[in-house]
Amino acid sequence: MQVATWNVNSVRARLPRLLDWLERRKPDVVMLQETKCLAEACPWEPIQDAGYQCVHFGQTTYNGVAILARRRIEDVRRGMQGGDSPDEERRVIAATVEDLLLINVYVINGQEVGAPRYFDKLAFLSELRGWIRKHFDFREKIVLAGDFNITFDDRDVHDPKAWHEKILCSTPERHALEEVTSLGFHDAFRKFHKDGGHYTWWDFRTNGFKRGQGLRIDHLLMSEPALQSCEKVEIDLEARDGEKPSDHAPVIATLA
DNA sequence: ATGGTTGCGTAGCAA
């Protein structure tokens with residue numbers, strides 16, 4: 001069973017790349033962030049034709065999260081507030097696929113340390129922690145995946161000096177992420193890769209990918225039973241290269 | 001370099 005997370009930065013703009021990638025990697029489960037469209041505007045038909053069931057919690061222009069799977073998707077939960085409050089940013093969707101409990105999140109970016117959205121980000125992570133603790137059983141195989149917009153430590157940063165206490169790298173953000181992880185999650189990527197220099201996002205504006213200037217901010221966090229069954233985690237750099245890529249690369253885990 | 005590019009939607013915001 002292959003489980004992936006990918007911030008596609010618009011499912012419409014990325015459709016050709018997404019279809020190519022689904023064909024090439026054939027992941028069983030995909031958690032997408034930044035779909036950036038309402039359900040009726042999303043190109044689900046070609047994705048379904050590629051063999052995937054799709055569940056979505058989307059809005060126009062911003063945010064939006066979806067789960068695609070080659071197996072039956074059950075127990076879908078949209079948002080942390082029931083999914084029906086009109087002003088809720090659509091950043092969380094959860095579902096079950098076979099014995100996996102999936103939680104897909106798109107964490108607020110925060111803009112810069114000290115900005116209003118920075119404090120929204122910390123509050124979002126606190127709310128996420130409480131919601132997961134209330135609704136999920138850590139004896140189960142849980143995969144909490146998505147764009148967390150936070151590096152765990154300086155191994156995840158191409159230039160730690162330049163990024164010191166900057167957005168995506170600040171101590172309060174890392175603490176907020178560790179508070180979520182402390183519920184009983186493990187950073188699955190670090191089970192297999194202990195060294196630095198592995199990134200999932202590169203800034204369009206500075207041509208970061210070509211220059212090797214990235215951050216590892218997309219994560220697959222697993223409960224102990226899920227981690228035990230996890231045999232491999234890799235970042236698909238090929239999906240970040242070439243024509244009209246997302247600014248994020250997918251992360252793919254193989255579970256027994 | 002308080003820049004740069006991308007996406008949405010068609011101005012300006014978010015990332």
Side-chain angles (χ1 to χ4, degrees), chain A residues 5-21 31-44 46-47 56-66 79 86-93 104-125 128 145-151 156-159 161-170 172-174 176-177 199-219 235-251:
Chain A
T5 179
W6 192 9
N7 181 327
V8 286
N9 187 9
S10 170
V11 69
R12 283 180 289 181
R14 217 62 58 214
L15 185 63
R17 295 297 304 254
L18 178 59
L19 292 172
D20 285 351
W21 180 77
M31 293 185 254
L32 299 177
Q33 301 87 40
E34 286 205 88
T35 56
K36 291 189 174 182
C37 59
L38 284 168
E40 53 265 36
C42 276
W44 298 128
I47 295 171
H56 185 220
F57 188 41
Q59 63 186 91
T60 56
T61 315
Y62 301 118
N63 310 318
V65 282
D87 53 347
E88 181 187 11
E89 293 182 33
R90 299 189 163 190
R91 295 176 175 275
V92 178
I93 189 169
N104 179 15
V105 302
Y106 172 47
V107 174
I108 293 168
N109 172 283
Q111 296 185 334
E112 63 177 320
V113 174
R117 292 297 279 166
Y118 178 76
F119 298 106
D120 291 346
K121 181 181 196 174
L122 299 179
F124 177 89
L125 288 159
L128 179 67
D147 176 3
F148 289 81
N149 270 315
I150 303 174
T151 54
D156 299 336
V157 184
H158 71 93
D159 186 346
K161 276 189 178 174
W163 284 87
H164 181 69
E165 295 300 336
K166 294 289 199 302
I167 195 68
L168 317 182
C169 301
S170 75
E173 289 169 90
R174 287 176 175 177
L177 178 56
Y199 311 125
T200 63
W201 171 82
W202 300 258
D203 200 328
F204 280 136
R205 293 169 290 185
T206 54
N207 201 12
F209 186 71
K210 288 286 186 288
R211 298 161 66 168
Q213 299 177 345
L215 301 176
R216 192 175 71 95
I217 57 176
D218 301 85
H219 304 298
I235 299 166
D236 188 350
L237 296 176
E238 195 175 327
R240 179 61 178 81
D241 206 354
E243 289 293 307
K244 269 183 82 72
S246 170
D247 47 351
H248 294 253
V251 187

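Numbers restart at 1 for each chain; the letters A, B, ... are given by sequence-line order, proteins then strands.
- Taking atom CG of residue A:Asp147 and atom P of nucleotide B:dT6, one finds them 19 Å apart after rounding to whole Å.
- Here A:Arg91 reaches the OP1 or OP2 of B:dA15: one of its side-chain N or O atoms lies under 4.0 Å away.
- Comparing A:Gln111 and A:Lys244 by the nucleotide of DNA chain B that holds the closest heavy atom to each, the one mapping nearer the 5' end is A:Lys244.
- Nearest to the side chain of A:Arg205, among B:dT5, B:dG7, B:dG9, sits B:dT5.
- Distances were taken from every side-chain heavy atom of A:Arg117 (C-beta onward) to each of B:dA15, B:dG7, B:dG4; the shortest belongs to B:dA15.
- For A:His248 and B:dA14, the NE2 to P distance is 16 Å, given to the nearest whole Å.
- Residue A:Phe204 places its side chain closer to B:dT5 than to any other of B:dT5, B:dG4, B:dA15.
- In this structure, the CG atom of A:Leu15 is 15 Å from the C1' atom of B:dG7, given to the nearest Å.
- Annotation: the span from A:Leu125 atom CG to A:Glu173 atom CD amounts to 8.5 Å, rounded to 0.5 Å.
- Checking side-chain atoms of A:Thr200 against main-chain N and O of A:Asp218 turns up a donor-acceptor pair under 3.5 Å.
- Between the CD atom of A:Gln213 and the C1' atom of B:dG4 there is a distance of 12 Å, given to the nearest Å.
- The aromatic rings of A:His158 and A:Trp163 stand perpendicular to each other, their planes meeting at an angle above 60°, with 30° marking the opposite boundary.
- Note: CG (A:Asn109) to P (B:dA14) measures 11 Å, nearest angstrom.
- Within the nucleic acid shown, A:Thr60 comes within 4.0 Å of sugar-phosphate atoms alone, with no base atom in reach, counting heavy atoms only.
- At the phosphate of B:dG9, OP1 or OP2 sits under 4.0 Å from a side-chain N or O atom of A:Thr61.
- Distance from the side chain of A:Ser10 is smallest to B:dC8 among B:dC8, B:dG9, B:dA15.
- Map A:Thr35 and A:Ile108 each onto its nearest nucleotide of DNA chain B; the residue landing nearer the 5' end is A:Thr35.
- Between A:Lys36 and B:dA14 there is no side-chain N or O to OP1 or OP2 distance below 4.0 Å.
- Spacing of C1' atoms, B:dA1 relative to B:dA11, comes out at 26 Å, to the nearest Å.
- Remark: P of B:dA15 and CD of A:Gln59 are 10 Å apart, rounded to the nearest angstrom.
- For the P atoms, the distance from B:dG12 to B:dT2 is 22 Å, rounded to whole Å.
- Paired with A:Asn9 under the rule side chain to side chain donor-acceptor pair (under 3.5 Å), one option of A:Lys36, A:Glu34, A:His248 passes, and it is A:Lys36.
- For the pair A:Arg14 and B:dT6, the criterion of a side-chain N or O lying under 4.0 Å from OP1 or OP2 is not met.
- Heavy atoms of A:Phe209 sit nowhere under 4.0 angstrom from any nucleic acid atom.
- Using a 4.0 Å cut-off between charged nitrogen and carboxylate oxygen, A:Arg14 and A:Asp20 do not count as a salt-bridge pair.
- With both ends at atom P, the span from B:dG9 to B:dG4 equals 24 Å, rounded to whole Å.
- Following rounding to the nearest Å, A:Asn7 (CG) and B:dT6 (C1') show an atom-to-atom distance of 12 Å.
- B:dT5 sits 23 Å from B:dT10 when the P atoms are compared, rounded to a whole Å.
- Rounded to whole Å, atom C1' of B:dA15 lies 10 Å from atom CG of A:Leu168.
- Proximity note for A:Ala13 (side chain, C-beta onward) versus B:dG7, B:dG9, B:dA15: the nearest is B:dG7.
- Within the 4.5 Å cutoff, the side chain of A:His164 has no heavy atoms near those of the A:Asp159 side chain.
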